[in-house]
**Q** 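Here it is, the structure, as structure tokens.
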Amino acid sequence: DLILVDYDQFQPHNIARHTLGEIYVWRKKVEGLKSHLSYFFNADVVPIPKAVQALSVQEESKIRKCNIIIDTSADKNVSEYICNNNKFRR
């Protein structure tokens, strides 16, 4: 599975730098990416439309089982939370 975590909506200003097109505007980014990736790559995508800091214990457990965590947020607080949080270490 590919797990996507993001609380944000896809907004018009995101179109220029994102794989999603305007049909996804005002939808949750993770929901749009699930549709896009499932369609084009037949991927099993698990969307979690929350901030990483707001994950439930069950959601954190899913992420802890991942082989790789990729942070594409460009947010220092998110990066620090992931790197410094023992919840995501095996």
Side-chain angles (χ1 to χ4, degrees):
D1 290 348
L2 173 63
I3 301 173
L4 304 174
V5 180
D6 193 340
Y7 69 92
D8 207 5
Q9 286 184 325
F10 188 67
Q11 297 182 24
H13 70 270
N14 297 129
I15 293 172
R17 65 180 192 288
H18 209 284
T19 191
L20 298 177
E22 59 186 56
I23 64 168
Y24 295 102
V25 170
W26 304 122
R27 290 178 59 186
K28 291 286 187 180
K29 288 179 183 176
V30 293
E31 297 292 344
L33 282 168
K34 175 186 177 172
S35 296
H36 186 78
L37 294 170
S38 297
Y39 178 79
F40 285 104
F41 301 105
N42 195 27
D44 292 325
V45 179
V46 178
I48 302 176
K50 294 182 176 180
V52 70
Q53 299 93 328
L55 295 174
S56 69
V57 172
Q58 182 181 15
E59 292 162 337
E60 288 173 348
S61 177
K62 285 182 185 180
I63 293 172
R64 193 171 33 256
K65 293 175 186 173
C66 292
N67 291 323
I68 299 171
I69 297 175
I70 300 170
D71 173 18
T72 62
S73 67
D75 183 327
K76 180 183 175 201
N77 294 326
V78 171
S79 297
E80 287 179 353
Y81 184 82
I82 292 169
C83 290
N84 298 326
N85 195 325
N86 288 331
K87 296 175 188 177
F88 301 116
R89 294 191 180 136
R90 289 190 194 187

**Q** How far does CD of Glu22 sit from CG of Asn14, to the nearest 0.5 angstrom?
**A**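 Here the rounded value is 13.0 Å.
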**Q** Looking only at atom types and distance, does a side-chain atom of Asn84 sit under 3.5 Å from a main-chain N or O of Glu80, one as donor and one as acceptor?
**A**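 At least one qualifying donor-acceptor pair exists.
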**Q** Got a donor-acceptor contact below 3.5 angstrom from the Arg17 side chain to the His13 backbone?
**A**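 Side chain of Arg17 to backbone of His13, a donor-acceptor pair under 3.5 Å: yes, one is there.
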**Q** Between Ile15 and Val25, does a side-chain contact (heavy atoms from CB on, under 4.5 Å) hold up when you go through it step by step?
**A** CA-CA 8 Å; Ile15 293 172; Val25 170; 3.8 Å; yes
**Q** How many angstroms lie between atom CD1 of Ile70 and atom OG1 of Thr72, to the nearest 0.5 angstrom?
**A**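 Spacing of CD1 (Ile70) from OG1 (Thr72) equals 8.0 Å.
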**Q** I'd like to check Leu33 versus Pro47 (side-chain heavy atoms, cut-off strictly below 4.5 Å). Are they in contact?
**A**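 Sidechains of Pro47 and Leu33: no contact.
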**Q** Quick one: does any side-chain atom of Ser61 pair with a main-chain N or O of Val57 as donor and acceptor, under 3.5 Å?
**A**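 Such a contact is absent between Ser61 side chain and Val57 backbone.
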**Q** Assess whether side-chain contact (heavy atoms from CB on, under 4.5 Å) is satisfied between Leu55 and Gln58, documenting all intermediate values.
**A** CA-CA 8 Å; Leu55 295 174; Gln58 182 181 15; over 6 Å; no
**Q** Please determine whether side-chain contact (heavy atoms from CB on, under 4.5 Å) holds for the pair Leu2 and Val46, giving the CA-CA distance in whole Å, both sets of side-chain angles, and the decisive distance to 0.1 Å.
**A** CA-CA 6 Å; Leu2 173 63; Val46 178; over 6 Å; no
**Q** Would a single hydrophobic cluster contain both Val52 and Val30, if residues Ile, Leu, Val, Met, Phe, Trp and Tyr are joined by side-chain heavy-atom contacts under 4.5 Å?
**A**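 No; tracing contacts between hydrophobic side chains, which count when under 4.5 Å, never links both residues.
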**Q** Within the side chain of Lys28, is there an N or O that forms a donor-acceptor pair under 3.5 Å with the backbone of Tyr7?
**A**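 Present.
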**Q** Look up atom NZ in Lys29 and atom OG1 in Thr19, then write down how far apart they are to the nearest 0.5 Å.
**A**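 Rounded to the nearest 0.5 Å, the NZ-OG1 separation comes out at 13.0 Å.
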**Q** Roughly how far, to the nearest 0.5 Å, is the CD atom of Glu31 from the OH atom of Tyr24?
**A**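 Going from the OH atom of Tyr24 to the CD atom of Glu31 covers 11.0 Å.
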**Q** Please give me the minimum heavy-atom distance between Leu20 and His36, naming the atom from each residue.
**A**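 Nearest pair, atom of Leu20 first, then His36: CD2-CB, 3.7 Å.
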**Q** Do any N or O atoms from the side chain of Asp71 and from the backbone of Ser73 form a donor-acceptor pair under 3.5 angstrom?
**A**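 Yes; judged by distance alone, with no hydrogens or angles, the pair exists.
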**Q** Begin from the C-alpha positions of Lys50 and Asp6 and carry the test side-chain contact (heavy atoms from CB on, under 4.5 Å) through to its verdict.
**A** CA-CA 5 Å; Lys50 294 182 176 180; Asp6 193 340; over 6 Å; no
**Q** According to a hydrophobic-cluster definition based on side-chain heavy atoms being under 4.5 Å apart (Ile, Leu, Val, Met, Phe, Trp, Tyr only), do Leu37 and Val5 belong together?
**A**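 No, no single cluster joins them.
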**Q** Rounded to the nearest 0.5 Å, what separates atom CZ in Arg27 from atom CG in Asp8?
**A**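 If we round to the nearest 0.5 Å, Arg27:CZ and Asp8:CG are 14.5 Å apart.
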**Q** Would you confirm whether Asn85, through its side chain, and Ile82, through its main-chain N or O, come within 3.5 Å as a donor-acceptor pair?
**A**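 No, Asn85 side chain to Ile82 backbone: no donor-acceptor pair under 3.5 Å.
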**Q** Nearest heavy-atom pair of Gly21 and Phe10: which atoms, and what distance?
**A**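 Smallest heavy-atom distance, with atoms named: O-CE2, 3.3 Å.
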**Q** Could you tell me which non-hydrogen atom of Ser38 sits nearest to which non-hydrogen atom of Ala43, and how far apart they are?
**A**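 Where Ser38 meets Ala43 most closely, the heavy atoms are OG-O, 3.3 Å.
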**Q** Write down the atom of Lys34, the atom of Leu4, and the distance for their closest heavy-atom approach.
**A**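 Nearest pair, atom of Lys34 first, then Leu4: N-CD1, 4.3 Å.
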**Q** With hydrophobic residues grouped by side-chain heavy-atom distances under 4.5 Å, do Ile23 and Val45 end up in a single group?
**A**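 Same hydrophobic cluster.
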